[in-house]
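Basis for what follows: all heavy atoms, side chains included, without hydrogens, waters or symmetry-related copies. Since the structure is predicted, the reported quantities are computational estimates derived from the model, not experimental observations. A note on names: the letters A, B, ... follow the listed sequences, proteins ahead of strands, and every chain is numbered from 1.
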Protein chains: 2
Amino acid sequence: MSERKKVQLKDIAKEANVSVALVSYVLNGQHQNRIKKETAERIKAVAKRLNYRPNHFAKGLKTQKSHTIGLILADLANPFSAQLARIIEDELKKYNYNVLMGSTDEREDKLKDLVDVFTNQQVDGLIILPTENSEKEIVQLHEVDFPYVLIDRYFSDYPFNFVVNDNHSSTYLTTKQLIKNKRKKIGFITIETDLFHFVERKRGFVEACIEAGIDTENRIQEIRFGQLETGVAVGISRLKQVFPDLDALLFATDILTMYGLKYIIQHKLNITNDIEIMAVDEAKFYDIYSTPITYYKQPLEEMGQKAVRFLMSKIEGNNPDAIQEVLKGQLVIR
Amino acid sequence: MSERKKVQLKDIAKEANVSVALVSYVLNGQHQNRIKKETAERIKAVAKRLNYRPNHFAKGLKTQKSHTIGLILADLANPFSAQLARIIEDELKKYNYNVLMGSTDEREDKLKDLVDVFTNQQVDGLIILPTENSEKEIVQLHEVDFPYVLIDRYFSDYPFNFVVNDNHSSTYLTTKQLIKNKRKKIGFITIETDLFHFVERKRGFVEACIEAGIDTENRIQEIRFGQLETGVAVGISRLKQVFPDLDALLFATDILTMYGLKYIIQHKLNITNDIEIMAVDEAKFYDIYSTPITYYKQPLEEMGQKAVRFLMSKIEGNNPDAIQEVLKGQLVIR
DNA sequence: GTGTTTTGTTTAAACGTTTAAACATGCTAT
DNA sequence: ATAGCATGTTTAAACGTTTAAACAAAACAC
């Protein structure tokens, strides 16, 4: 991006009066003990002066390394995916790696395509947020020992590499905190689904309640996905009906919290702040609410970084052991 | 990703009893008129059976095409960037292109690095959301006629390729709409900055006011970046002081809207809905507010798609003319 | 039946690196 | 003097494609 004609090893060699091989050695810092210092300096100087940029294709063809990894997400436009992507990008940069991205829209066929295209493009590794039913695809990677790691989700029946959030602890910790705050009549608003994430979150809530001797009868409102807004409204009003002295509400994810807050504000449900509100997931809009909301923050940084680091050591061939991490997030108490 | 050993042209050739060249021709659909149909079919069948995947490096080395473009954003974790990225990803997929992403954090040195690394990685083109003071870098690209296009921002002093949102119309249209709704005492909350975006947004507001014979004295509250939350609060209360009959508030961007809504809700400023609220930028949390908020929606799809299409035609060498588009968004009236 | 064109296929160089192996020279030890 | 070693550099093959050019055989023209 500066010289008219692409400068290559040959040009440096000619200019420095050495062979192409020597230039390559010097520029890659190989055989340092063998090469005369002055020669090395001279070569480096020339390379710099000519603004040499190695040809990625030629290099890759020989080394079979692209210094690029593929990142397969559910949907890049989704803040969760985007944040994760950013963290991964930054971590990869430390290793001088680039990142090719793609979204699956939760479709296994798209995931398969992306894996195909990316491995084809010779990425050195893959970080995958897997869709449902994509086990077969991952099995393939696993079997040929292609460097990969799953994030955010895993398949409990398979020995895959993964780094995920502990969804159970998300609600377990928040509920514990509510109980610690002397709340007894807690309502839990979640989504009606078999998705592992939410099953775990429900389990976390129930477990914390049981441990505290609170029975969970009628406390859990599961909202159908298609009608979140009205669902949340109905859910909260139903809770209020069953428990007139409701003193806490826990929302299983940010979108539910949003509709929950909307309903609460609109119906002036909580002007005396007798109901403590907690949430899973971080969200900007919590600030809108009059009182601070304590929430469970997913360990995104840790997740992204661990995934990258594992992948890197796998690629560099350092340690070939597996990784299976379930990371706990933290309670942001406010 | 399925055979143990990577299958290459040579293997197909052997299996099909032809030369490597012929295989290459067939697989690339070249010399179709010359090659015997049966031979072609046979070769294709073998390629399929062996699950042949061309080696990206070797191919690139010869063709100098990577079928990859670089996307340089401000911050992938920012929903605006992420949405744009997703749109661009989708549009590029239609052309069978992949995308390498990077964030600048609004730093010109990072932008330079990314341009370096990406062009080095032999991307076929670049889509750049430029930071301030990155003109020099873009000049370089422009001069060597490297396929690129700027998005969201441009430099009015340079003949660069760009596709951007019309920031002026964002506030112009919303203000016009307010006036159409018979609002007369309009307050405008914006950020104190010289950034082109916001200068334009201010200009749009002022122009719409002037056209309607409304004087803008004291109507514009410019908030310093470091203290948005308190700034917005002070701004609104000051407006209320100067205009006790304030009947509309326009926010120049989503974060301001958020703090604005917080203040309004907290101070029960707008229970009778005598103040109409409008905003620039789409945001999920608008739904929290009791009354629907009309907003200006940036033409993200159009922006991303036009940028990609231009780049593609540039890369394919079709039409070498420039592009300089200022796209109008739409008012989402609610 | 010879020259030309058409049809079908192959040869071989090239793309820009990396790297094992060879080479050359000087030094050391005997 | 000479083998052996250390130091410094070069030669040349290889990576897996693409593609211009050459070649061969068949079909056509006259």
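Across the protein-nucleic acid pair, A/Asn33 atom CG and D/dT9 atom P stand 13 Å apart, rounded to whole Å. At whole-Å resolution of the value, CZ in B/Arg53 and P in D/dT17 are 13 Å apart. Between the P atom of D/dT9 and the CD atom of A/Gln32 lies a distance of 14 Å, rounded to the nearest Å. Rounding to whole angstrom units, NZ of residue A/Lys62 and P of C/dC15 are separated by 17 Å. Taking atom CG of A/Leu22 as the reference point, atom P of D/dT11 lies 11 Å away to the nearest angstrom. Spacing between atom CG of B/Asp11 and atom P of D/dG16 amounts to 9 Å, rounded to whole angstrom units. Across the protein-nucleic acid pair, B/Lys36 atom NZ and D/dA26 atom C1' stand 11 Å apart, rounded to whole Å. To the nearest angstrom, C1' of D/dT17 lies 12 Å from NE2 of B/His56.
Under the 6.0 Å cut-off for aromatic ring centres, B/Tyr158 and B/Phe160 qualify, their centroids lying closer than that.
Here the nucleotide nearest the side chain of B/Val20, chosen from C/dT10, D/dT18, D/dT9, is D/dT18. Of the candidates C/dT10, C/dT19, D/dT17, C/dT19 carries the atom nearest the A/Tyr25 side chain, counting heavy atoms from C-beta on. Of all nucleotides listed (D/dT17, C/dT11, C/dC15), D/dT17 comes nearest to the side chain of B/Tyr52. Here the nucleotide nearest the side chain of B/Lys59, chosen from D/dG16, D/dT19, D/dT17, is D/dT17. Residue A/Leu9 has its side chain nearest to C/dT18 when only D/dT10, C/dT18, D/dT17 are considered. Distances from the side chain of A/Asn28 to the nucleotides C/dG16, C/dT18, D/dT18 place C/dT18 closest. Residue A/Gln64 places its side chain closer to D/dC15 than to any other of C/dT17, D/dC15, C/dC15. Residue B/Arg34 places its side chain closer to C/dT9 than to any other of D/dT19, C/dC15, C/dT9. Comparing C/dT17, C/dC15, C/dT9 against the side chain of A/Ala58 picks out C/dT17 as the nearest. Comparing D/dG16, C/dT19, D/dT9 by their nearest atom to the side chain of A/Ser24 picks out C/dT19.
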- Stepwise, does the ring pair (Phe, Tyr, Trp, His ring centres under 6.0 Å) test hold for A/Phe196 with A/Phe155? CA-CA 9 Å; A/Phe196 191 67; A/Phe155 303 97; 9.6 Å; no
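For the pair A/Thr119 and B/Arg53, the minimum side-chain heavy-atom distance is 4.5 Å or more.
Dashed line: the shortest gap from a side-chain N or O of A/Thr39 to OP1 or OP2 of D/dT9 is under 4.0 Å.
Residue B/Leu100 is tested with B/Val123, B/Val117, B/Leu126, B/Leu114 for a side chain to side chain contact (heavy atoms under 4.5 Å, CB included); the sole match is B/Val123.
One N or O on the side chain of A/Asp11 and one on the backbone of A/Gln8 form a donor-acceptor pair closer than 3.5 Å.
Place A/Gln30 and A/Phe57 on DNA chain C by their nearest nucleotides, and A/Phe57 ends up nearer the 5' end.
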